[in-house]
There are 2 protein chains.
Amino acid sequence: MELYVNHPKHYVAVDCVIFGYQDDQLKLLLYPRGFEPSKGNWSLPGGFIQNDESSDEAAARILKQTTGLEEIFMEQVQVFSKPDRDPEARVISLAYYALIRIDLYDEEILKKTGAEWYPINNLPTLLFDHKDMVDKALSRLQQKAGYSLIGSELLPEMFTLIQLRKVYDAIFMREFDPGNFRKKILSLGVLERLDLKNASESKKGAFYYKVKNNVDETGKDRIVKL
Amino acid sequence: MELYVNHPKHYVAVDCVIFGYQDDQLKLLLYPRGFEPSKGNWSLPGGFIQNDESSDEAAARILKQTTGLEEIFMEQVQVFSKPDRDPEARVISLAYYALIRIDLYDEEILKKTGAEWYPINNLPTLLFDHKDMVDKALSRLQQKAGYSLIGSELLPEMFTLIQLRKVYDAIFMREFDPGNFRKKILSLGVLERLDLKNASESKKGAFYYKVKNNVDETGKDRIVKL
DNA sequence: ACAAAAGTGTTTAGATTACACCCATGA
DNA sequence: TCATGGGTGTAATCTAAACACTTTTGT
């Protein structure tokens, strides 16, 4: 049919805000841009949506290519579409964010591509409107983390409540009260305590927990008052 | 530069979930689809993003075309991009939602196009994935209305607290306690009471209120516990 | 024994909820 | 005056926040 034929087509890109957690800090995976325009700026990993894939699939593909990881939590942020946002061509871009475990990240890729993990509080100048994408992605992450334990995606399968609290400290850029945080999280009923302690970070040792299977964490109680 | 040239281009559409409020109900503006495929289904008003406009501008343009209204509250919902969502061609669609006053809506347009206002609880079969768009838009609206007085966009500039409560009843599909709702809303400090009463809906008459100018309503207190 | 981190308990302030009650007015 | 919605007040409950206290263990 000829219905659509009078309308323009556009390049549609996906850019990924990839969050990791290391050294008590929330970090972002960035790539050096090796060509003009804007050579020298850092950029979010991205790519173009192909004919046979949805945007979710494109985002997963790009994440796989840039980190080696699959089956990762990802979520749409929003579309960035100012006609001149990329001076080279009209590109409509859809931002995603992902939460990954830096300890699973393939170090080889870092070396090959020159990618780096930057602390969220100390980012270099970013390409185009990528800083806006990061800001929006962070506020989405905060929102989501406010009513689910999504922050645990940044940690290994087993983690202590202290580790989890520090992740939340990093995500919300504030310090949660240890006692209150523990009580609040446990009251959600989505964590399972293991018969195993982490002895490496203290003398007494802290119990490991893991997220219960088959638990729909969202829609339950609020973790952080927003 | 030839960097992008190997990648496919796509039609990018904007579809608008247009909410209105009438007869104590939340309603949706729908268009009859007059041609195949899916002739007879109802559809959200939509259009294609042009070369010189952002998606926000496209959404505003489409809203203007279909309702005659300008400067309306609109917000991105999300992208729908399954490769086969439109059987006719690969179309990536970005859903928006808007809140308009039905009383300002141009009746002429209804007659010309066959458009109709449908109660949100009693929708006909919708085109493609438009039902998903509506569901997602509604939950975004609820979320936003949960921490701002955005619901007042559905009412005239002056409204009584009873009218506002009924709008919130419709948005959240539950009944708020009259006394508690009133206290909560007033405690936000974003409404200004006028020296004017609405005598048409009761003997005693209820004071009109309006949203204060220059007040950033968001980020304040929560209205509805989610 | 004691320092240091893990974990528990207590107290207070504030918010939410349910619901009783008073007020103003037209018929 | 009385029925009807508009508007206020209050007690019971729940939650968040601050912070003191107890437990465990390596040195």
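The shown structure was predicted, so the numbers you read here are calculated from the model rather than taken from an experiment. Lettering follows sequence order; numbering is per chain, from 1.
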Colleague: If you check the F207(B) side chain, which of dG7(C), dT4(D), dG7(D) turns out closest?
Modeller: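 Of dG7(C), dT4(D), dG7(D), dG7(D) is nearest to the side chain of F207(B).
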
Colleague: Let me know, please, whether E201(A) or D177(A) comes out on the 5' side of the other along DNA chain C by nearest nucleotide.
Modeller: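 By nearest-heavy-atom nucleotide position, the 5'-most residue is E201(A).
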
Colleague: Can you check the I185(B) CD1 to dT8(D) P distance for me, whole Å?
Modeller: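 Taking atom P of dT8(D) as the reference, CD1 of I185(B) is at 14 Å.
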
Colleague: What integer distance in Å separates L188(A):CG from dT15(D):P?
Modeller: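 Those two atoms, CG and P, are 12 Å apart.
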
Colleague: Tell me whether the count of non-hydrogen atoms from other residues, nucleotides or ligands lying under 6.0 Å of NZ in K210(B) goes above 12.
Modeller: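 Yes, enclosed.
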
Colleague: Just the rounded figure in Å: distance from P of dA6(C) to NZ of K203(A).
Modeller: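 Distance check: K203(A) NZ to dA6(C) P gives 11 Å.
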
Colleague: Any side-chain heavy atom of Q25(A) within less than 4.5 Å of one from I120(A)?
Modeller: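 A side-chain contact is absent here, since even the closest heavy-atom pair is not under 4.5 Å.
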
Colleague: Atom CG of L186(B) and atom P of dT16(C): how far apart are they, to the nearest Å?
Modeller: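 The answer, rounded to whole Å, is 14 Å.
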
Colleague: Write down the distance between CZ (R165(B)) and C1' (dT17(C)), rounded to a whole number of angstrom.
Modeller: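 Going from CZ in R165(B) over to C1' in dT17(C) covers 15 Å.
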
Colleague: Look at the side-chain N and O atoms of R182(B) and state whether any lies under 4.0 Å from the OP1 or OP2 oxygen of dG6(D).
Modeller: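 It does not, given that no N or O in the side chain of R182(B) lies less than 4.0 Å from OP1 or OP2 of dG6(D).
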
Colleague: Write down the distance between NZ (K184(B)) and C1' (dT8(D)), rounded to a whole number of angstrom.
Modeller: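 Nearest whole value for this atom pair: 18 Å.
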
Colleague: Could you tell me how far apart N198(A) (CG) and dT24(D) (P) are, to the nearest whole angstrom?
Modeller: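 Taking atom P of dT24(D) as the reference, CG of N198(A) is at 18 Å.
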
Colleague: Quick one: which of dT4(D), dG7(C), dG6(D) gets closest to the side chain of S202(B)?
Modeller: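 Of the candidates, dG6(D) comes closest.
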
Colleague: Without decimals, in angstroms, what is the distance between L194(A) CG and dA6(C) P?
Modeller: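 It is 17 Å, rounded to the nearest whole Å.
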
Colleague: Does atom CD of E175(A) have more than 12 heavy-atom neighbours from other groups under 6.0 Å away?
Modeller: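 No.
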
Colleague: Closest approach to the side chain of N180(B), judged atom by atom: which nucleotide of dG7(C), dA17(D), dA18(C) is it?
Modeller: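 Of the candidates, dA18(C) comes closest.
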
Colleague: Classify the side chain of K204(A) and the base of dA6(C) as holding, or not holding, a donor-acceptor pair under 3.5 Å.
Modeller: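 Counting by modelled atom types and ignoring angles, a donor-acceptor contact under 3.5 Å is found here.
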
Colleague: Do E192(B) and K212(B) meet the salt-bridge criterion of a basic N to acidic O distance under 4.0 Å?
Modeller: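 No, K212(B) and E192(B) are not salt-bridged.
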
Colleague: Does the distance from a Lys or Arg side-chain N to an Asp or Glu carboxylate O, for R61(A) and E53(A), drop under 4.0 Å?
Modeller: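 Salt bridge flag = yes for E53(A) with R61(A).
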
Colleague: Classify the side chain of K183(A) and the base of dG7(C) as holding, or not holding, a donor-acceptor pair under 3.5 Å.
Modeller: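 Not at all, since no donor on one side and acceptor on the other fall under 3.5 Å apart.
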
Colleague: Base, sugar-phosphate, or nothing for L161(B), non-hydrogen atoms under 4.0 angstrom?
Modeller: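 Nothing, no nucleic acid heavy atom in range.
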
